[in-house]
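For reference, the structure discussed in these notes is given below.
In what follows, every heavy atom counts, from backbone to side chain, and hydrogens, waters and symmetry copies are set aside. One-based numbering, in listed order, for ligands and for the atoms of each.
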Amino acid sequence: MNTSRFVNIEDLRQAARRRLPRSVFDYIDGGADGEVTLRENVRAYQDIAFRPRCAIETPPPDLRTTVIGTPISMPVILAPVGSSRMFWKRGEEAAAAAAGAAGTIYSLSTLSGCRLEDVKKATPGPAWFQLYLCGGREIAAKGLARARDAGFSALILTIDTAVAGLRERDVRNGSKELLTRRIGPMLPYIPQFLARPHWLLQFFRDGGLMQFPNVMLAEGPMPYADVAAALEQSTVTWADLRWIREIWKGPIVIKGVHIGEDARRAVGEGADAVVVSNHGGRQLDGVHPTIRVLPEVLDAVGGRVEVLLDGGIRRGGDGVKALCLGARAVLVGRAYAYGLGAAGGPGVTRALDILRADIVRTMKLLGCRSLQELNRSLVDVPDAWMRRPPEGGSHEISAGARAARA
Ligand SMILES: Cc1cc2nc3c(=O)[nH]c(=O)nc-3n(C[C@H](O)[C@H](O)[C@H](O)COP(=O)(O)O)c2cc1C
């Protein structure tokens, strides 16, 4: 497929919308509750204005950098995106191969449709493994050991998923009913698949599997239907870092940091990097957009570990704004998932090419020759973003306040 006709990420999004059944497209595209944070994540970059230096000769800027010691060709990493095998045949392998060819890191979700060993083999580049404690700690420990043995170089621990967010589009599209495998409840939701025969054919040719081979329960791979309950039953807590450290000796990245206080906690618990992330607006709706809280998190971390960011990045310029504020690199979720849904591996490659070209052009127009030259003086940021939040200590209610409420 000629992917050069996709000019920007929105073009890939529209192509994914045309190719995928509604429930699959909305699973990628949607967010929690009123989707306020989903929209704000994207919009908030507009609150930042660039302050370019002009009349400067700028040779093509060097985008190479390192993240927790891993060299990458540009400061863009693929975020963990679950169930990518629904978007394209062997979707996680296709996306990992495209990331590796582009010289960057692929992050594999615990909740993926391809075996983690196969995904690692598919990419010539580095890969990170994202951990959920689905199936309980013993099952998760086995998955972790497999990821270690397969050669994943860092672990992402996602901490913002105490329960699955309410994604209203998924409810309306019958995500629950479709997983019952009983014709009665499924029937009203079948037409959306019949309207996408190419996708349907590819899905069945790929095995039509609806299970997670990296969560191996006693009875076999965890089925899709069990995700919400599995997440709820085994919330990650800071205490888990201890046993995880026993198995995982490599770097640990804490993903899902919304405020300075949790960033400090992550550093204190020995994290090697944090990701400012609200899960792309898919979990707690009504939290600040990530770019808005990046200054607070950077301030709390004080340079002790690298700070990454994801959420709402649809153009390379958005990523440049985050880098100007001090992020080491950004992760993208939907930007590449749309590409995968639209055109498989070549669609992911196209998404990364678009973002790379955007970054190069933006840096040249800013008068910057290297990533090191990106700094705070190149962006105007609303004053409120830079103000320190009130010192509050723990969010837990004091004994006095509890008594007063009782
Ligand atoms: C379809 C989809 C599935 C996701 N699955 C996971 C997951 O399994 N684990 C995880 O830590 N984050 C998951 N995320 C969140 C992403 O890692 C990332 O935080 C988010 O997509 C960033 O926002 P963006 O999509 O606006 O780039 C998922 C996001 C999407 C869109």
Looking at Asp29 and Arg314, is any side-chain nitrogen of the basic one under 4.0 Å from a carboxylate oxygen of the acidic one?
no

Test log, rule salt bridge (charged side-chain N to carboxylate O under 4.0 Å, His left out), inputs Arg13 and Asp26:
CA-CA 11 Å; Arg13 176 172 176 268; Asp26 277 347; over 6 Å; no

Ring-plane angle category for Tyr132 and His279, please: parallel below 30°, perpendicular beyond 60°, tilted otherwise.
parallel

Tell me, do Thr70 and Pro126 make a side-chain contact under 4.5 Å, heavy atoms counted?
yes

Ligand 1: which residues have a non-hydrogen atom closer than 4.0 Å?
Tyr27, Ile28, Ala79, Pro80, Val81, Gly82, Ser109, Gln130, Tyr132, Thr158, Lys255, Ser277, His279, Gly280, Arg282, Asp310, Gly311, Gly312, Arg314, Val332, Gly333, Arg334

Under the ring-ring contact (aromatic ring centres under 6.0 Å, His included) test, which residues partner Tyr189, sequence neighbours left out?
none

Would you please indicate yes or no on a ring centroid separation below 6.0 angstrom for Trp248 and Phe129?
no

